[in-house]
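Inspection log for the structure reproduced underneath, given as structure tokens.
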Protein chains: 2
Amino acid sequence: MLPAFERGFMDTLQDGKMRYYWDRVRHHGARYAKFHWPSVEVILNLVYTYDVALNHFAKRMSKIGLSPSAFNVLMILSRHDEKSCKQRDLSKLMLVSRANITGLVDSLAKRGLISRAPDKTDRRVCIVRMAKKGERLLEQFLPSHYEEMRRILSNLTPAEEKTLTALLSKLRSLFWQQKKEGRP
Amino acid sequence: MLPAFERGFMDTLQDGKMRYYWDRVRHHGARYAKFHWPSVEVILNLVYTYDVALNHFAKRMSKIGLSPSAFNVLMILSRHDEKSCKQRDLSKLMLVSRANITGLVDSLAKRGLISRAPDKTDRRVCIVRMAKKGERLLEQFLPSHYEEMRRILSNLTPAEEKTLTALLSKLRSLFWQQKKEGRP
DNA sequence: TATTGTTATACTCTATAACTATA
DNA sequence: TATAGTTATAGAGTATAACAATA
């Protein structure tokens with residue numbers, strides 16, 4: 001995220017500047033036989049749009065002292081039965097190694113937002129459970145979070161939302177497909 | 001990126017597991033008045049698709065020893081006249097603070113991929129210039145990079161590409177719009 | 001005074017390897 | 001042997017503040 005004191009340029013970027021720069025991208029790429037502007041344009045838009053959306057929501061989360069990952073942990077717990085989850089499963093759902101989950105859980109536990117206890121049937125596993133404090137924090141944040149999402153997205157028509165979801169999903173599947181074929 | 005030795009789960013995630021978890025997201029959200037699944041679904045797809053795409057291309061870049069940011073610097077230089085650019089402009093184009101550009105430029109200069117020289121008319125500014133070694137590295141990578149993009153995206157029809165670009169662009173503009181209104 | 005780049009610091013996120021304790 | 005979690009380490013990436021040189 002660009003620091004606050006240098007953000008003036010962003011206003012320029014979204015209008016003229018970005019088109020100007022993307023023109024350069026297109027002209028530079030034209031030197032390569034396999035360069036295909038419509039494809040590149042899709043990827044550029046994916047990256048920039050993700051960036052803008054992430055920054056928007058990350059900024060809101062940071063106001064309640066949560067990083068996107070920390071928020072993600074709380075949401076996963078909240079959605080699970082008994083509001084608890086094995087660290088192993090957290091690791092798999094968040095596509096992050098177990099080693100990194102340890103640190104993340106540590107910091108959330110230190111703040112009293114979650115608790116950690118050994119599983120009774122398999123003493124290797126740790127069960128992470130939402131604490132009252134974490135629950136309250138989520139309950140305080142989620143209504144405005146969902147409202148904000150809805151407010152921004154409401155400028156897309158239902159048909160546009162549906163199309164965008166379908167196309168993103170299709171695009172993602174194309175990458176997955178490549179990975180699968182790479183490991184026969 | 002998930003470490004190699006734990007990647008087996010990813011195959012599961014793409015098919016059944018993701019739908020299962022997203023069902024939980026939808027049902028959990030239903031408790032909130034402003035929760036609007038189609039909107040949330042768009043954002044989830046944006047985030048996951050970005051993640052998959054980034055990992056795909058980042059892995060290819062890491063094979064020639066470049067991080068996405070480092071690659072970005074080289075591309076920006078390559079597209080500029082004289083293959084050079086002020087650090088100030090790099091900072092603005094990459095939406096990153098000047099302090100961070102210093103380190104990024106340092107590491108690329110140390111590897112001999114770029115060079116840094118003071119501007120002759122304004123001695124405050126540093127001009128970063130592509131070095132022969134950096135140029136060769138890009139020339140070696142770009143053909144297959146563009147080919148790979150085209151190959152994957154070729155599974156979208158021209159109409160789908162056009163629609164996806166337009167919708168992502170529109171979605172991004174909605175976030176920008178919010179930001180603008182936030183600073184009247 | 002404002003701008004450019006630098007230094008210093010810190011925090012988040014991630015990857016890897018080696019270790020332990022269980023199973 | 002395989003799995004769950006931990007520790008230790010390293011490297012990106014980013015945010016912030018304070019500073020020097022220059023305009």
Side-chain angles (χ1 to χ4, degrees), chain A residues 1-10 47 50-51 54-55 57-59 61-63 65-73 85-111 114 116-128, chain B residues 1-10 47 50-51 54-55 58-59 61-62 65-73 85-111 114 116-128:
Chain A
M1 221 176 308
L2 207 62
F5 54 84
E6 290 191 30
R7 255 175 218 144
F9 179 84
M10 307 276 277
V47 170
Y50 166 86
D51 233 63
L54 179 76
N55 285 352
F57 291 114
K59 210 177 299 174
M61 288 169 195
S62 80
K63 280 179 187 162
L66 291 180
S67 66
S69 290
F71 173 73
N72 215 352
V73 169
C85 182
K86 295 169 185 169
Q87 282 193 203
R88 195 193 63 119
D89 292 336
L90 275 179
S91 157
K92 287 177 178 172
L93 276 170
M94 297 177 65
L95 309 187
V96 154
S97 75
R98 284 173 291 126
N100 294 321
I101 293 294
T102 296
L104 195 49
V105 166
D106 275 351
S107 73
L108 286 169
K110 202 175 290 173
R111 293 171 57 190
I114 63 179
R116 175 159 40 184
D119 184 305
K120 285 173 186 172
T121 66
D122 183 342
R123 286 161 60 198
R124 286 173 306 180
V125 324
C126 270
I127 295 187
V128 180
Chain B
M1 221 176 306
L2 206 62
F5 54 83
E6 292 191 30
R7 253 175 218 143
F9 181 82
M10 306 276 276
V47 170
Y50 166 86
D51 232 63
L54 180 76
N55 284 352
K59 210 176 301 174
M61 287 167 194
S62 79
L66 291 180
S67 67
S69 292
F71 174 73
N72 216 351
V73 170
C85 182
K86 296 170 185 169
Q87 282 194 202
R88 195 193 62 118
D89 293 336
L90 274 179
S91 157
K92 287 175 176 171
L93 276 170
M94 296 177 65
L95 310 186
V96 154
S97 76
R98 284 174 291 124
N100 294 321
I101 292 294
T102 297
L104 194 49
V105 166
D106 275 351
S107 72
L108 285 169
K110 202 175 293 174
R111 293 171 57 190
I114 63 179
R116 175 159 38 185
D119 185 304
K120 286 175 185 174
T121 67
D122 183 341
R123 284 162 58 200
R124 286 174 305 182
V125 324
C126 271
I127 294 188
V128 179

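Heavy atoms only: backbone and side chains are in, while hydrogens, waters and symmetry mates are out. We name chains A, B, ... by the order of the sequence lines, and we start the count at 1 in each one.
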Atom pair distance, as rounded to whole Å: CG in L104(B) and C1' in dT14(D): 12 Å
Separation of atom CD1 in I127(B) from atom P in dT4(C), rounded to whole Å: 13 Å
Atom-pair distance (CD on Q87(A); C1' on dT22(C)), nearest Å: 15 Å
Flag side-chain contact, heavy atom, 4.5 Å: P118(B) against R123(B): no
Of D106(B) and A70(A), the one whose closest DNA chain C nucleotide lies more 5': D106(B)
Length of the CG-C1' vector between L108(A) and dT12(C), whole Å: 12 Å
With C85(B) via side-chain contact (heavy atoms from CB on, under 4.5 Å) - residues at least two apart: I76(B), L77(B), H80(B), D89(B), L90(B)
Atom pair distance, as rounded to whole Å: CE in M61(A) and P in dT12(C): 15 Å
d(CG, L66(B); C1', dG13(D)) in whole Å: 16 Å
Sidechain-backbone polar pair: R111(A) side chain, G65(A) backbone, donor-acceptor under 3.5 Å: yes
Protein-to-nucleotide contact annotation, 5' to 3' order, nucleotides 18-23 of chain D [B base; S sugar-phosphate only; - none; under 4.0 Å, heavy atom]: ---BBS
Partner residues of S67(A) under the side-chain contact (heavy atoms from CB on, under 4.5 Å) criterion, sequence neighbours left out: S69(A), A70(A)
V73(B) versus L104(B), closest heavy-atom pair with distance: CG2-CD2, 3.6 Å
Minimum heavy-atom distance R116(A)-T102(A), with the two atoms named: NH1-O, 4.1 Å
Phosphate-side-chain proximity, R116(A) and dT6(D), N/O vs OP1/OP2 below 4.0 Å: yes
Of N100(A) and I101(B), the one whose closest DNA chain C nucleotide lies more 5': I101(B)
5' priority, DNA chain D, between K86(A) and S69(B) [closest heavy atom]: K86(A)
Touch class at under 4.0 angstrom, heavy-atom based, for T102(B) against every strand present: base
Closest approach of S91(A) to V96(A) (non-hydrogen atoms, all atoms of both residues): OG-O, 2.7 Å
Phosphate contact (dC13(C) OP1 or OP2) by S67(A) side-chain N/O below 4.0 Å: yes
